Amino acid sequence: MNELRETVALALEKAFNGLKTKDEIIQLLEKPPAQEMGDLSLPCFSLAKELKNSPQQIAGDLKEKIKSIKGIESIECKGPYLNFFFETKDYAKKAIESALKEKEKFGLNNELKNKKIMVEFLSPNTNKPLHLGHLRNMSLGESISRIYEASGAKVFRTQIINDRGAHICKSMLAYMNWGKGKTPEKAKKKSDHFIGEFYVMFSEKAKENSMLEIEAQQLLLKWENKDPKVRKLWKQMNSWALKGFKETTKRFDVKFDKEYFESDIYLKGKELIQEGLKKKIFTEQNGAIYIDLEKYNLPNKVVVRADGSSLYITQDIFLAKQKFEDFNLDESIYVVGSEQALYFQQLIQTLELMQYPWAKNMYHLSYGMVYLPDGKMKSREGTVVDADDLMDEIHKMALIEIKKRDKKISKNEAKKRAEIIALSAIKFYLLKVDAVKDIHFNPEESISFEGETGPYIQYTYARAKSILSKAIKPKKIDYSALSLPKEKELSSILNSFQDAVADSMNHKTPHKLCHYLLELSNSFNSYYHEVSVLKAEEKEKNARLALTEAVTITIHNGLKLLGIKTLEKM
RNA sequence: GGGCUCAUAGCGUAGUCUGGACAGCGCAACUGGCUUCUAACCAGUAGGUCGAGGGUUCGAAUCCCUCUGAGCCCGCCA
């Protein structure tokens, strides 16, 4: 692709008689919007002024001057555009050979070679189970991690467990009052759901009894004073919550390299702020310490309370530094919802004023809210789409579809497939939209298996695999047997896979990769209907088998970067 | 009051950074295609003042300005 771009540019440089250099021409060349317009195009508008001629005329003159270019099948003028058509043979050869040779490495790049990057995501509170918003967060965090790895980076996945504070004490208090010593095992509940019920219970009872809020504050004090009884219960309840989270993240195929606990670090950071106070980075006012951010058009931020106690940002300052020191990072990414955008601006600006050189390498990967038909999800009111319930629900839907298609399938196999399909549907649904956009989730309509979905892409893969399983792998491939427009289109899409991966990495958004995979799948499915691979003449059959295999490799690699698994059969 | 973000067919969206050829795609509607490599598919019809107005440009969904609407945030909460 790039070689052809060069040869075309070189030929044009000649035709221009040195008026434009090769590099200037490369900048001008672009990919036409549609297949029938060719593979590369030179728009002649910008040349009109210098050459004092109409763009149409310039395109026509250039066409006359260029006889033939190696690897270019034909050159056409279409109005002000000069269009180049590549020879399918070489084009297809390049795409297919790279894919078959590089296999699971096809599409990867080295842009971030030797870079160490941390991605912080999920970061739950231990007083309630995970919900749909967490699933969006995890899908994004995991996918971005994989895309960075595909660009050669060493990625450290991390999360900060928010395991202390007033909200945690609320579920503890509810358990002390009404838990009757029950355990998740006895109640036959998933352990984090068990905890969540007490959090909801607290909110309900607190509406009628305002004393409960005060009691919760008192409980927090006891916790801070390390009251053994309180600490024991806290440990017990947190272990239940964490056990439940682990089950959910495992099911979602997410693992962390490092977990930071708020309870371990919430007192840290004060020394750093004291140092900063001496250097006059911070200011004291009425006992509290704050940072002046007015110059940066941001509200000022208190970093230590008047009573000397820490705030969330106190420990975040510490943790940001800790991360860079623990892992010698080149970049630190925080996958956190858009409602915290201002907070992160303040945090990063503060660290820059503290003169940490790495502060500029922090990035808040912000994503939009997830809404339900009746508004924002609120854990304390129980109006959420629970992560586990949603997975179960979609799993059941997938199971029904599988049994429709395969009546003899074993229970175990059906279950395995349903799980992979369900997760694919959920993840793709959450990833295919640009991260900045809010999602309005409608349980009845949102997640489907048809159209622009994960299962659609998995299905394309399974069909292609099914063809491959019915044929012997060809030894020699004659690429000139690939001459159909669809074959050229598919080759072109395969050739741009690496760009799609790099694009998703550079923009920190997997949705571009989702749309790439939809385009590839659509093209292959259309090809599938147009021609038969297995019934073709030997020469065509072999070439088409190779093309089909290249498609499977690309889909497999692409889905993997989204955290989605492929299936040989569907 | 201020800041950030978003606005593209009935609904959901891509394209906006980096201006370019009739604004793509999915769902829903309608039509056609399974004794033919898996119909979770494919092909087609219909559906668009790209929120409004101005500007820059040979050319604007894309860049600039103004306005409107929606969401989020502006705490010594997290």
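Numbers restart at 1 for each chain; the letters A, B, ... are given by sequence-line order, proteins then strands. These values consider heavy atoms only, across backbone and side chains, with no hydrogens, waters or symmetry-generated copies. These figures come from a predicted structure and were not determined experimentally.
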With a 4.0 Å limit, can you tell me whether [X] has a side-chain N or O closer than that to the phosphate oxygens OP1/OP2 of [N]?
{"X": "A:H511", "N": "B:U13", "answer": "no"}
{"X": "A:Y371", "N": "B:C6", "answer": "no"}
{"X": "A:S466", "N": "B:C37", "answer": "no"}
{"X": "A:K512", "N": "B:G15", "answer": "yes"}
{"X": "A:R463", "N": "B:A39", "answer": "yes"}
{"X": "A:S526", "N": "B:A43", "answer": "yes"}
{"X": "A:N522", "N": "B:C42", "answer": "yes"}

Using the [atom1] atoms only, state how far [M] lies from [N], rounded to an integer number of Å.
{"N": "B:U38", "M": "B:U5", "atom1": "P", "result": "50 Å"}
{"N": "B:G54", "M": "B:C11", "atom1": "C1'", "result": "32 Å"}
{"N": "B:U45", "M": "B:A28", "atom1": "C1'", "result": "15 Å"}
{"N": "B:G55", "M": "B:U13", "atom1": "P", "result": "32 Å"}
{"N": "B:A46", "M": "B:C58", "atom1": "C1'", "result": "35 Å"}
{"N": "B:C65", "M": "B:G3", "atom1": "P", "result": "13 Å"}
{"N": "B:U62", "M": "B:G20", "atom1": "C1'", "result": "11 Å"}
{"N": "B:G47", "M": "B:C4", "atom1": "C1'", "result": "35 Å"}

Just how far, in rounded Å, is [atom2] of [N] from [atom1] of [X]?
{"X": "A:Q56", "N": "B:G20", "atom1": "CD", "atom2": "P", "value": "18 Å"}
{"X": "A:Q27", "N": "B:U18", "atom1": "CD", "atom2": "C1'", "value": "10 Å"}
{"X": "A:Y528", "N": "B:A39", "atom1": "OH", "atom2": "C1'", "value": "10 Å"}
{"X": "A:L319", "N": "B:A78", "atom1": "CG", "atom2": "C1'", "value": "14 Å"}
{"X": "A:L567", "N": "B:A40", "atom1": "CG", "atom2": "C1'", "value": "12 Å"}
{"X": "A:H440", "N": "B:U13", "atom1": "NE2", "atom2": "P", "value": "8 Å"}
{"X": "A:Q345", "N": "B:C4", "atom1": "CD", "atom2": "P", "value": "8 Å"}
{"X": "A:Q340", "N": "B:C77", "atom1": "CD", "atom2": "C1'", "value": "11 Å"}

Minimum-distance nucleotide (side-chain atoms of [X] versus [options]):
{"X": "A:Y312", "options": "B:A78, B:A40, B:G20", "result": "B:A78"}
{"X": "A:R305", "options": "B:C76, B:C37, B:C72", "result": "B:C76"}
{"X": "A:F45", "options": "B:C58, B:C37, B:C76", "result": "B:C58"}
{"X": "A:H507", "options": "B:U36, B:A21, B:U18", "result": "B:U18"}
{"X": "A:K535", "options": "B:U36, B:A43, B:G20", "result": "B:U36"}
{"X": "A:N162", "options": "B:C41, B:C73, B:A78", "result": "B:A78"}
{"X": "A:K437", "options": "B:G20, B:U8, B:A39", "result": "B:U8"}
{"X": "A:L342", "options": "B:C74, B:G20, B:U8", "result": "B:C74"}
{"X": "A:P32", "options": "B:A39, B:C42, B:A21", "result": "B:A21"}
{"X": "A:P299", "options": "B:C74, B:A40, B:A14", "result": "B:C74"}

(message) Looking at the base of B:A21, is there any donor atom on it, or on the side chain of A:S41, that sits under 3.5 Å from an acceptor on the other one?
(response) yes
(request) Decide yes or no, distance alone: a donor-acceptor N/O pair under 3.5 angstrom between the base of B:A43 and the side-chain of A:N525. (result) no
(request) Find out whether the Lys NZ or Arg CZ of A:K170 is both under 6.0 angstrom from the six-membered ring centre of A:Y199 and within 45° of the ring's axis. (result) no
(request) Could you tell me whether A:R136 sits above the aromatic face of A:Y367, with NZ or CZ closer than 6.0 angstrom to the six-membered ring centre and within 45 degrees of the axis? (result) no
Applying a 3.5 Å limit to both distances, which nucleotide forms a Watson-Crick or G-U wobble pair with [N]?
{"N": "B:A70", "answer": "B:U5"}
{"N": "B:G19", "answer": "none"}
{"N": "B:U35", "answer": "none"}
{"N": "B:G44", "answer": "B:C30"}
{"N": "B:U13", "answer": "B:G24"}

(request) Verify whether one side chain among A:Q57 and A:D61 offers a donor that lies under 3.5 Å from an acceptor in the other. (result) yes
(message) Which is more 5' along RNA chain B, the nucleotide nearest A:E530 or the one nearest A:N286? Just name the residue.
(response) A:E530
(request) Assign each of A:E339 and A:K78 to its nearest nucleotide of RNA chain B by heavy atoms, then name whichever residue's nucleotide is nearer the 5' end. (result) A:K78
(message) Taking 5.5 Å and 30° as the limits, would you call A:Y81 and the base of B:A21 a stacked pair?
(response) yes
Hey, what's the ring geometry for [X] with [Y], parallel, tilted or perpendicular (30° and 60° as the breaks)?
{"X": "A:Y266", "Y": "A:W223", "result": "tilted"}
{"X": "A:Y334", "Y": "A:F344", "result": "tilted"}
{"X": "A:H134", "Y": "A:H131", "result": "tilted"}

(request) Output yes when A:E262 and A:R164 qualify as a salt bridge under the 4.0 Å nitrogen-oxygen rule, no when they do not. (result) yes
(request) Mind checking the CZ-CG spacing from A:F318 to A:L272? Nearest 0.5 Å is all I need. (result) 7.5 Å
(request) Taking the side chain as every heavy atom from C-beta outward, state whether A:L423 and A:I564 have any pair of such atoms under 4.5 Å apart. (result) no
